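Everything below concerns the one structure shown next.
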Amino acid sequence: MNTLIPYLIVDDEPLARARIRRLMDKQLRFVCVGEANSSASAKTVLDEMVVTLIFLDISMPGESGLTFATELRQRFPRIKIVFLTAHPEYALEAFDLHANGYLVKPLREDKLTALLMTIFPEVETISYHVGNELRHVQLADVLVAQADDKYTRITLKSGTDALVDISLKALMDKFPTHFVQIHRSTLVNRNDIAVLESQGHKHFVGLKSLSARYEVSRRAYSQLKALL
């Protein structure tokens, strides 16, 4: 079963939040983990929940969505931000903040669906070389990614390893709903996590499809507990 993509709605207008929620209820890959009417209340949700996608109203009382987005980019560099606005002229400023997209109110279902497909393509693959042969593996078959000098070593469901010319950061940025970072040098497939355990002062995850255990940093431990 695929992990649902958690999203947060931040808009001071209750009717606007309700419309987003209704439209997103039709998007079966997504789950709403909270609604907020200001950046302050959004921060509370973000402190408690894992959020991959945030719908953010640009014009709100108090701290604006544009100002809040700057903070988000610093604190959660991998979060996907979609701005909501009744004023399309804000679009250029929004993209200066590295937004993943924007939607003009009132929201249209076709525009929302098209944007979500752009941000979260349904079928993903990773390419790697075996000698001179270029091979492709489905993302779902990639269980572990570990930094290996200038490359990244991926471990597949078959138990085989392959080197890919893409950094851990790039993998995490591209596939934020597939991987979870458990250590500075290790990502694992969040769908394959079987157990999170502690031994002494160290923490480890065990996977469903591999016998090996992987060390978890203290920083990542609390995030993993929230996921499991």
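Fair warning: this is a prediction, and the values are worked out from it, not measured in the lab. All values below were derived from every heavy atom in this structure, side-chain atoms included, with hydrogens, water molecules and symmetry-related copies excluded.
Side chain of Thr113 to backbone of Glu109: a donor-acceptor contact under 3.5 angstrom is found. Although no hydrogens or angles enter the test, the distance criterion places a donor-acceptor pair under 3.5 Å between the side chain of Lys208 and the main chain of Asn191. Listed for the Gln181 side chain is a donor-acceptor partner under 3.5 Å among the backbone atoms of Arg184. No donor-acceptor pair under 3.5 Å is formed between the side chain of Thr160 and the backbone N or O of Leu156. Between the side chain of Arg17 and the backbone N or O of Asp11 there is at least one donor-acceptor pair closer than 3.5 Å. Between the side chain of Arg213 and the backbone N or O of Gly206, no donor-acceptor pair lies under 3.5 Å. Judged by distance alone, with hydrogens and angles left aside, the side-chain atoms of Arg219 form no donor-acceptor pair with the main-chain N or O of His183 at under 3.5 Å.
Of the inter-residue distances, the one linking Glu71 atom CD with Ser39 atom OG reads 6.5 Å to the nearest 0.5 angstrom. Annotation: the span from Gln27 atom CD to Tyr7 atom OH amounts to 9.0 Å, rounded to 0.5 Å. Within the model, atoms CE of Met49 and OG1 of Thr44 stand 13.0 Å from one another, a figure rounded to the nearest 0.5 Å. How far CZ of Arg190 is from CZ of Phe179: 10.5 Å, rounded to the nearest 0.5 Å. Separation of atoms CZ (Arg22) and CG (Leu107) is listed at 10.5 Å; rounding is to 0.5 Å. The distance from the CD1 atom of Ile20 to the SG atom of Cys32 is 9.5 Å, given to the nearest 0.5 Å.
Between Leu168 and Ala145, the shortest heavy-atom distance links the atoms CD2-O, 3.6 Å. Residues Val142 and His178 share a closest heavy-atom pair of O-NE2, 3.0 Å. Of all the heavy atoms in Pro176 and Lys80, the pair that sits closest is CG-CE, 3.8 Å. In plain terms, the two heavy atoms of Ala140 and Asn189 that are nearest each other are O-ND2, 3.5 Å. The minimum heavy-atom distance between Leu8 and Gly34, with the atom names listed, is CD1-O, 3.2 Å. Summarising the geometry of Arg75 relative to Lys43, their closest heavy-atom pair is NH1-O, 4.5 Å, with the distance given to 0.1 Å.
Residue Lys105 places its NZ atom among more than 12 non-hydrogen atoms of other residues, nucleotides or ligands, all under 6.0 Å distant. Counting heavy atoms of neighbouring residues, nucleotides and ligands inside a 6.0 Å radius, atom OH of Tyr221 exceeds 12 of them.
Side-chain N/O atoms of Gln146 and Thr152 include no donor and acceptor closer than 3.5 Å. Residues Ser38 and Ser41 bring a donor and an acceptor atom of their side chains to less than 3.5 Å of each other. Inspection of the Thr67 and Thr70 side chains reveals no N or O donor paired with an N or O acceptor under 3.5 Å.
Under a hydrophobic-cluster definition in which Ile, Leu, Val, Met, Phe, Trp and Tyr are linked whenever side-chain heavy atoms come within less than 4.5 Å, directly or via other members, Val137 and Tyr151 are assigned to different clusters. By the rule that hydrophobic residues join a cluster once side-chain heavy atoms approach within less than 4.5 Å of another member, Leu171 and Leu163 end up as members of separate clusters.
Residues Asp57 and Val10 have side chains not in contact (no heavy-atom distance under 4.5 Å, counting atoms from C-beta outward). Looking only at side-chain heavy atoms (C-beta outward), Ile193 and Leu207 come within less than 4.5 Å of each other. No side-chain heavy atom of Val144 sits less than 4.5 Å from a side-chain heavy atom of Ile154. Side chains of Leu84 and Ile58 form no contact here, defined as non-hydrogen atoms less than 4.5 Å apart. Proximity of Met24 to Leu112: side-chain heavy atoms (C-beta onward) are separated by under 4.5 Å at one or more points. Inter-residue side-chain proximity for Thr177 and Leu4 is flagged as unmet; no heavy-atom pair is nearer than 4.5 Å. Phe175 places a side-chain heavy atom less than 4.5 Å from the side chain of Ile126.
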Q. Could you walk me through whether Leu72 and Leu56 pass the side-chain contact (heavy atoms from CB on, under 4.5 Å) check?
A. CA-CA 11 Å; Leu72 285 172; Leu56 180 57; 4.1 Å; yes
Q: Could you give me the CA-CA distance, side-chain angles and deciding distance for Thr52 and Phe30, then say whether side-chain contact (heavy atoms from CB on, under 4.5 Å) is met?
A: CA-CA 10 Å; Thr52 298; Phe30 298 83; over 6 Å; no
Q | Pair His203-Glu215, side-chain contact (heavy atoms from CB on, under 4.5 Å): steps then yes or no | A | CA-CA 6 Å; His203 311 292; Glu215 187 171 353; over 6 Å; no
Q: List the steps, then state whether side-chain contact (heavy atoms from CB on, under 4.5 Å) holds for Leu187 with Val180.
A: CA-CA 6 Å; Leu187 311 177; Val180 61; over 6 Å; no
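The six-membered or imidazole ring of Tyr214 lies away from that of Phe204, with a centre-to-centre distance of 6.0 Å or more.
With sequence neighbours left out, the side chain to side chain donor-acceptor pair (under 3.5 Å) criterion links Glu13 to no other residue.
The existence of a salt bridge linking Arg78 and Asp173 is confirmed by a sub-4.0 Å separation between a basic side-chain nitrogen and an acidic carboxylate oxygen.
Under the side-chain contact (heavy atoms from CB on, under 4.5 Å) rule, Phe120 has a single partner from Ile5, Leu115, Asn100, which is Ile5.
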